[in-house]
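Here is the naming used below: chain letters follow the sequence lines, and residue numbers restart at 1 for every chain. This structure is a prediction, so every number in the text was calculated from the model and none was measured. Values reported hereafter were calculated over all heavy atoms of this structure, with side chains retained and with hydrogens, waters and symmetry mates removed.
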Amino acid sequence: MKTKDIFALIVAILFFSNTFAQDTTSLKKRSWYIPDYGKIQFAGNIGFFSLGIGYQFFNNHLYSELLYGYVPVSISKAKQIHTITIKNTFPVFTKQFNTIALSPITGFAASVETGNNSFVKLPDEYPEDYYCTNAFHFTLFIGAKVYMDFINEKIIKGADIYIEIGTVDAYLYYAIISEEVKISQILSTAIGVNLYF
Amino acid sequence: MKLKKANILLALLSIIIMLTSCDNVFEFSPYEANVKNANRNTTAKNLQLIKDIQVNSDTFKFAFVTDNHFHYNSLKTVIDDINRRNEILFVLFGGDITHQGLLKEYQIFHDILRNLHKPYLTVIGNHDYLSNGELVYKQMFGDYNYSFDFNNNKFVIFDDVVWESNKNPDFDWLSTQLYDNQLFNQVIVIAHIPPFSDPFDNDMEQKYKSIMQENNVQLSMHGHVHSYSFERVYDDSVSYLTVPDLKEPIYCIINVYNKSFDFELKEL
């Protein structure tokens with residue numbers, strides 16, 4: 001009788017732990033290249049809109065994204081602007097309230113753009129070291145995100161809404177070296193959404 | 001919990017306050033060329049101001065500042081010094097008013113120049129062509145080539161950027177502008193790149209040189225080389241002046257007389 005009970009208990013534990021394990025593996029053990037979330041951002045010096053995919057690393061301490069940003073002619077007042085960006089966001093800490101989690105965030109992004117009189121490699125007609133490349137820019141930002149868990153949702157499991165205040169490397173450099181460049185002149189805002197698969 | 005809510009509210013409030021204090025709430029790319037209405041047509045506005053200046057003698061002074069790039073502290077120092085000197089009537093900028101040709105850099109330049117209490121004009125430099133600088137310049141300032149006369153002297157502002165603009169300087173326009181040189185006491189040309197500098201090939205250099213010579217230009221003023229020189233480079237009647245960049249606060253005051261000129265280099 002007792003052995004039967006113990007056996008039943010072991011089976012039950014195994015069963016539950018197994019289902020629990022299965023549940024987490026179905027979340028965690030996706031192929032490495034399947035992104036954890038999709039992203040859409042408005043503004044932030046990486047496009048009028050930018051779209052892309054993101055991965056969570058180091059136990060959700062780093063969110064890395066690959067984004068394509070687009071600025072239409074009507075906004076740029078120049079040619080279309082196409083920007084490829086790698087963006088890294090670090091949640092400073094996370095405060096949980098039921099199905100909502102709040103995090104202050106900080107991070108940086110590296111962008112490349114060519115085609116608007118910008119170049120990765122100096123064209124042939126120039127003497128050596130005449131210019132540095134002007135195709136790359138780094139942006140830095142701080143902000144906050146709110147995560148909402150969509151309980152029982154199969155496709156989109158949750159979403160972040162975030163807001164950031166940021167600037168571009170060159171602008172920040174100018175503000176640091178000169179008191180004539182005010183912080184208010186170099187800061188701008190971005191807002192966006194992450195959708196978790 | 002109440003305290004936490006208050007904290008969150010405070011954080012949100014401070015974000016909103018920060019946002020409203022930003023000059024541009026949203027920015028989409030460093031390569032944007034969307035110039036604010038208030039900052040447009042700067043050249044035309046300043047030409048009108050120069051036209052309104054009353055002079056009662058043949059003699060007057062103007063300042064020449066060039067290649068400020070991102071040396072904004074020096075730029076401000078120079079502007080303050082020019083403001084203190086009532087005898088300087090207007091200021092000419094010799095190009096490279098930006099470093100990467102970015103809208104933000106143009107805006108910073110334009111904002112700092114609000115401190116100048118005199119009219120100013122600019123010529124486009126090679127750096128100003130980078131990124132979408134060509135388009136920004138057109139909107140913020142106006143034409144790349146233009147001319148004006150002041151106190152019976154003619155000033156011709158000439159865009160001679162070659163590589164970055166992907167075009168040759170418009171030498172025909174330059175000749176046409178200088179055609180009526182006999183009507184004026186003196187003729188002064190301002191172009192960013194001196195003809196004896198790298199981007200000019202031999203043909204262009206000869207062309208520029210002969211246009212200056214044939215049209216009795218007294219002074220050809222330049223930046224670009226980041227050093228001082230004053231010479232009759234081609235052994236003719238034309239003097240070529242290059243003025244250093246603003247890495248250190250330095251600029252030039254030109255004294256214009258009836259049929260001659262001289263100048264002083266101001267190191268601040």
Point to revise | Spacing of CG belonging to A:Asn45 relative to NZ belonging to B:Lys104, to within rounding of 0.5 Å | key: 7.5 Å

Review point. Non-hydrogen atoms of chain B under 4.5 Å away: do they reach the side chain of A:Tyr171, the backbone, both or neither?
Key: side chain

Practice item. Report the relative orientation of the aromatic rings in A:Tyr174 and B:Phe70; use parallel for angles under 30°, tilted for 30 to 60°, perpendicular for over 60°. Key: parallel

Review point. How about A:Ile86: does its CD1 atom have over 12 heavy atoms from other parts shown lying under 6.0 Å from it?
Key: no

**Study point:** Portion of B:Leu130 that has a non-hydrogen atom of chain A nearer than 4.5 angstrom
**Key:** both

Point to revise | A:Phe49/B:Phe28 aromatic ring centres below 6.0 Å | key: no

Revision key, fill the gap. Comparing A:Asn134, A:Val168, A:Ile183 against chain B, the one with the most heavy-atom pairs below 4.5 Å turns out to be A:Asn134

Exercise for review: May I ask you to check whether A:His137 and B:Tyr31 place their ring centres under 6.0 Å from each other?
Suggested key: yes

Study note, to complete from the structure: Closest non-hydrogen atoms of B:Leu135 and A:Lys77, given as atom of the first, atom of the second and distance, are CD1-O, 4.1 Å

Revision key, fill the gap. Cut-off 4.5 Å, heavy atoms of chain B, and the answer for A:Tyr131 is side chain

Exercise for review: Please round to the nearest 0.5 Å and tell me the distance separating atom OG of A:Ser178 and atom NZ of B:Lys76.
Suggested key: 9.5 Å

Check your understanding: Considering residues, nucleotides and ligands other than B:Lys247, do more than 12 of their heavy atoms fall under 6.0 Å from its NZ?
Key -> no

**Study point:** Heavy-atom proximity to chain B below 4.5 Å, by part of A:Ile46
**Key:** backbone

Study note, to complete from the structure: When rounded to the nearest 0.5 Å, the distance separating OG1 of A:Thr189 from CD of B:Glu27 is 9.0 Å

Review point. Measuring heavy-atom distances to chain A, does B:Leu103 have an atom under 4.5 Å in its side chain, in its backbone, in both, or in neither?
Key: neither

Check your understanding: Checking B:Asp198 against chain A: side chain, backbone, both or neither under 4.5 Å from a heavy atom?
Key -> side chain

Practice item. Indicate whether any N or O donor in one side chain lies under 3.5 Å from an N or O acceptor in the other, for A:Glu180 and B:Asn73. Key: no

Check your understanding: Is it the backbone or the side chain of A:Tyr173 that comes under 4.5 Å from a heavy atom of chain B, or both, or neither?
Key -> side chain

Check your understanding: Given a strict heavy-atom distance threshold of 4.5 Å, which part of B:Glu105 is in contact with chain A: side chain, backbone, both, or neither?
Key -> side chain

Exercise for review: Please indicate whether A:Ile155 has more than 12 foreign heavy atoms, meaning atoms of other residues, nucleotides or ligands, lying under 6.0 Å from its CD1.
Suggested key: no

Check your understanding: In terms of heavy-atom proximity below 4.5 Å to chain A, should B:Ile108 be classed as side chain, backbone, both, or neither?
Key -> both

Practice item. Quick one: which of B:Pro199, B:Gly101, B:Ser131 has the most heavy-atom pairs under 4.5 Å with chain A, could you say? Key: B:Ser131

Exercise for review: Please flag which part of B:His127 lies under 4.5 Å from any non-hydrogen atom of chain A: side chain, backbone, both or neither.
Suggested key: both

Study note, to complete from the structure: Taken to the nearest 0.5 Å, the spacing of B:Glu164 CD from A:Tyr130 OH works out to 5.5 Å

